[in-house]
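Have a look at the structure below, then the notes.
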There are 2 protein chains.
Amino acid sequence: MPAKYSSSKENYLKAIFHLQETHGTVTTNDVANELQTRPASVTDMLKKLKAQKLLLYEKYKGFKLSNDGRKVALQIIRKHRLWEYFLVEKLRFGWDEVHEIAEELEHISSKQLIDRLDEFLGFPKTDPHGDPIPDSQGRWVQAKQVDLLNLPLNKVAEVSGIGDQSAEMLELLGHKNIGLGTRLEVKKKFAFDNSLEVKIKNQHTVTISEHVAKNVFVKYDE
Amino acid sequence: MPAKYSSSKENYLKAIFHLQETHGTVTTNDVANELQTRPASVTDMLKKLKAQKLLLYEKYKGFKLSNDGRKVALQIIRKHRLWEYFLVEKLRFGWDEVHEIAEELEHISSKQLIDRLDEFLGFPKTDPHGDPIPDSQGRWVQAKQVDLLNLPLNKVAEVSGIGDQSAEMLELLGHKNIGLGTRLEVKKKFAFDNSLEVKIKNQHTVTISEHVAKNVFVKYDE
DNA sequence: TTTACTTTTTAGATTTGCCTAAATTTTATT
DNA sequence: AATAAAATTTAGGCAAATCTAAAAAGTAAA
């Protein structure tokens with residue numbers, strides 16, 4: 001059976017999905033930028049996606065994925081992340097070398113292949129970057145969001161939001177190398193002043209005050 | 001890095017390689033037939049392959065792969081067979097289910113990926129159909145084998161390759177419980193139609209037509 | 001060897017996905 | 001509110017890979 005959608009369409013769906021999730025809104029320019037292409041090309045493709053009912057789109061009025069489009073996007077993401085897991089865990093690639101290869105592998109169409117791969121890998125919940133892997137029905141285990149004070153000790157989590165976004169706060173976080181998407185875990189909590197020792201993935205440990213901790217939100221798997 | 005050649009070009013190279021190996025000569029019509037396409041489309045592609053020096057071609061005068069074309073074809077075949085091996089040995093697919101999926105996987109471009117996969121699989125010498133896997137330099141060990149018709153009576157031998165790998169053939173062999181590695185011996189040969197009675201190790205005897213026998217290759221000790 | 005048949009190639013379209021340049025619509029700024 | 005700027009879409013093209021129909025070249029047969 002031939003693939004239902006071209007690789008190109010799949011890439012658009014995936015990009016739109018990501019922008020929707022992370023920025024809330026999506027614009028033609030955002031998509032063009034994400035896919036390293038031109039706004040005019042994006043407009044062309046949006047029309048095709050609309051014609052296939054994968055996208056809700058009215059010209060000049062913005063757009064978002066339909067339920068079907070969302071489903072397709074989730075399957076691509078599932079494939080991408082399972083292949084990344086395979087590359088790192090079985091073929092011993094570094095976690096920073098696998099993205100490009102997975103970009104190609106994610107377009108292999110066989111659903112049976114991906115389900116068997118999933119099984120072979122032991123049904124992993126997250127990819128090597130800590131992002132969740134949707135299951136074969138496209139369900140995610142939606143990560144739980146809490147502030148740093150309430151993150152259980154030794155749980156790896158990903159920074160997903162900042163409460164106080166003042167320049168001072170951002171300067172402090174920048175200095176400590178903490179930003180959106182940073183992966184970290186709380187190693188120690190001092191009862192005296194509620195300060196924390198936080199280990200930042202692939203870096204060393206920093207100390208964070210209660211005030212700061214209350215304003216850093218993270219996601220983690222249960 | 002982007003793929004050097006389109007999937008389509010790779011498919012042409014592979015088809016031409018196979019026709020060259022098995023029939024000696026290759027014609028425009030053969031290629032069209034092999035790839036389920038039209039002769040006019042083949043002519044178009046031959047020109048492109050010639051322009052890229054992958055093919056030696058003069059119109060109306062026949063054609064064959066250049067050294068470069070041959071090298072590319074062997075790399076595709078390497079990838080195809082390694083993926084088939086992976087699908088059967090690691091993901092537990094049946095050896096008759098893997099061809100289609102491997103047709104897609106063989107176009108993934110990363111050379112590093114395929115070399116690591118090779119290593120992960122333990123550098124297999126043949127794919128699940130018994131066909132040899134070229135090494136990363138494109139060399140292969142051509143296994144010495146005879147077809148069943150030429151196997152001496154009462155010699156125990158091991159199935160090492162299948163010529164015609166159509167779904168129909170594979171279905172028939174599957175039904176008779178003959179697969180790669182099966183050990184068997186020819187008990188009787190009927191001169192009338194060249195059909196054979198074949199005793200399969202640890203099982204009972206089956207009858208095999210000349211047509212099938214010609215396409216089952218075996219290895220045995222002298 | 002001349003005609004008939006087959007094979008191969010050309011000519012001209014089509015589809016997909018992309019492009020540039022120009023027009024249009026929306027948004028932001030005086 | 002008028003105008004400038006930015007975002008988006010249209011218009012018109014291009015390249016890859018395919019197709020059909022027709023022409024050309026090669027092969028075979030009377």
Side-chain angles (χ1 to χ4, degrees), chain A residues 1-16 19-20 23-65 69 72-73 76 103-104 106-107 109, chain B residues 1-16 19-20 23-65 69 72-73 76 103-104 106-107 109:
Chain A
M1 64 203 75
K4 259 188 184 143
Y5 308 105
S6 66
S7 290
S8 188
K9 284 204 176 95
E10 292 186 347
N11 285 334
Y12 274 91
L13 292 172
K14 193 174 52 137
I16 295 167
L19 291 167
Q20 251 180 216
H23 293 67
T25 89
V26 196
T27 70
T28 302
N29 272 347
D30 284 346
V31 176
N33 190 56
E34 181 94 353
L35 294 177
Q36 300 280 63
T37 185
R38 297 298 166 161
S41 310
V42 175
T43 301
D44 283 351
M45 185 58 91
L46 295 184
K47 285 192 212 159
K48 291 174 197 165
L49 293 175
K50 183 192 179 183
Q52 275 172 96
K53 300 200 189 304
L54 297 169
L55 192 72
L56 306 171
Y57 162 75
E58 295 307 327
K59 61 181 190 175
Y60 292 109
K61 296 277 179 59
F63 50 91
K64 65 179 208 185
L65 292 180
V72 176
I76 314 297
E103 286 288 303
E104 282 188 68
E106 73 190 5
H107 300 296
S109 61
Chain B
M1 66 204 77
K4 260 190 184 141
Y5 309 105
S6 67
S7 291
S8 188
K9 284 204 176 99
E10 292 186 347
N11 285 335
Y12 274 91
L13 292 172
K14 191 175 54 138
I16 295 168
L19 291 167
Q20 250 178 220
H23 294 67
T25 90
V26 195
T27 70
T28 302
N29 272 348
D30 284 347
V31 176
N33 190 57
E34 181 93 353
L35 294 177
Q36 301 281 62
T37 185
R38 298 295 167 163
S41 310
V42 175
T43 301
D44 282 352
M45 185 59 90
L46 296 184
K47 284 191 214 160
K48 291 174 197 166
L49 293 175
K50 183 192 177 184
Q52 275 174 96
K53 300 201 189 304
L54 298 168
L55 193 72
L56 307 171
Y57 162 74
E58 295 306 327
K59 61 181 189 175
Y60 292 109
K61 295 278 177 58
F63 51 90
K64 65 179 208 184
L65 292 180
V72 176
I76 315 297
E103 286 288 303
E104 281 188 69
E106 73 190 7
H107 301 296
S109 61

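Letters A, B, ... are given to chains in the order of the sequence lines, protein chains preceding strands, and every chain is numbered from 1.
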Integer-rounded Å distance: D:dA15 P and B:M45 CE: 16 Å

Note: chain A reaches DNA chain C at heavy-atom distances under 4.0 Å over the stretch, first to last nt, 5' to 3', of C:dT16 to C:dT26

Euclidean distance, atom CG of residue B:L35 to atom P of D:dA17 [Å, nearest integer]: 13 Å

Quick one: CZ on B:F63 to OG1 on B:T25, what's the gap to the nearest 0.5 Å? 8.5 Å

Only pairs under 3.5 Å count here: list side-chain donor-acceptor contacts from residues 33-50 of chain B, not counting sequence neighbours, and write none if there are none.
from  : atom 1 : to    : atom 2 : distance (Å)
B:T43 : OG1    : B:P39 : O      : 3.3
B:K50 : NZ     : B:Y57 : O      : 3.4
B:K50 : NZ     : B:E58 : OE2    : 3.4

The side chain to side chain contact (heavy atoms under 4.5 Å, CB included) partners of A:K64 (sequence neighbours excluded) come to A:Q20, A:L56

Short side-chain N/O contact to D:dC19 OP1/OP2 from B:T37, under 4.0 Å: yes

For residues 6-15 of chain B, which side-chain N or O atoms pair as donor and acceptor with protein atoms under 3.5 Å away, sequence neighbours left out?
from  : atom 1 : to     : atom 2 : distance (Å)
B:S6  : OG     : B:K9   : N      : 3.1
B:E10 : OE1    : B:H107 : ND1    : 2.6
B:N11 : OD1    : B:H107 : NE2    : 3.0
B:N11 : ND2    : B:S7   : O      : 3.4
B:K14 : NZ     : B:E103 : OE1    : 3.2
B:K14 : NZ     : B:E103 : OE2    : 2.8
B:K14 : NZ     : B:E106 : OE1    : 3.3
B:K14 : NZ     : B:E106 : OE2    : 3.0

From CG of B:L49 across to P of D:dT18 the rounded distance in Å is 11 Å

Could you encode protein contacts along nucleotides 2-9 of chain D as a string, one character per nucleotide from 5' to 3', using B for base contact, S for sugar-phosphate-only contact and - for no contact, with a heavy-atom cut-off of under 4.0 Å? -----SBB

Measure from OH on B:Y12 to C1' on D:dA16 and round the result to the nearest Å. 11 Å

